[in-house]
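Have a look at the structure below before the remarks.
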Amino acid sequence: MSPDLRVIVYPPDAERRVRVDGEILGRALGPGDLLEFLRRAGLDPDDQHTGKLIRS
């Protein structure tokens, strides 16, 4: 897992585009999809330390 990954979740237009380090991973239809994209990017959504990485 790289702590320097940049994850962007775009505002919804029925779905939310998810981009990690410039690569679009797909469109999240709900929270489960977003968690799966984070796992595929090598991030652990259950990791308590990820909270400091989230910005609005």
Side-chain angles (χ1 to χ4, degrees):
M1 174 179 75
S2 171
D4 298 322
L5 288 177
R6 183 171 181 177
V7 177
I8 300 173
V9 180
Y10 291 91
D13 61 357
E15 306 163 327
R16 291 179 181 265
R17 278 186 300 144
V18 179
R19 181 183 297 260
V20 175
D21 278 353
E23 178 183 348
I24 294 177
L25 297 184
R27 292 181 176 264
L29 297 173
D33 293 335
L34 178 57
L35 294 175
E36 181 59 26
F37 288 135
L38 293 176
R39 283 188 196 97
R40 289 181 189 180
L43 299 170
D44 181 1
D46 297 325
D47 185 354
Q48 297 299 314
H49 296 93
T50 59
K52 68 182 178 182
L53 301 177
I54 297 173
R55 297 183 195 134
S56 53

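Of all the heavy atoms in Phe37 and Val18, the pair that sits closest is CD1-CG2, 3.7 Å.
If you chain together ILVMFWY residues whose side-chain heavy atoms come under 4.5 Å of each other, Ile24 ends up in a group of its own.
Scored by the side-chain hydrogen bond (donor to acceptor under 3.5 Å, both in side chains) test, Arg17 finds no partners at all (sequence neighbours excluded). Qualifying side-chain hydrogen bond (donor to acceptor under 3.5 Å, both in side chains) partners for Arg19, counting only residues two or more places apart in sequence or in other chains: Tyr10. For Arg27, the salt bridge (charged side-chain N to carboxylate O under 4.0 Å, His left out) criterion is met by Asp13, Glu15, not counting sequence neighbours.
The CZ atom of Arg39 lies 10.0 Å from the CG atom of Leu34; values are rounded to the nearest 0.5 Å.
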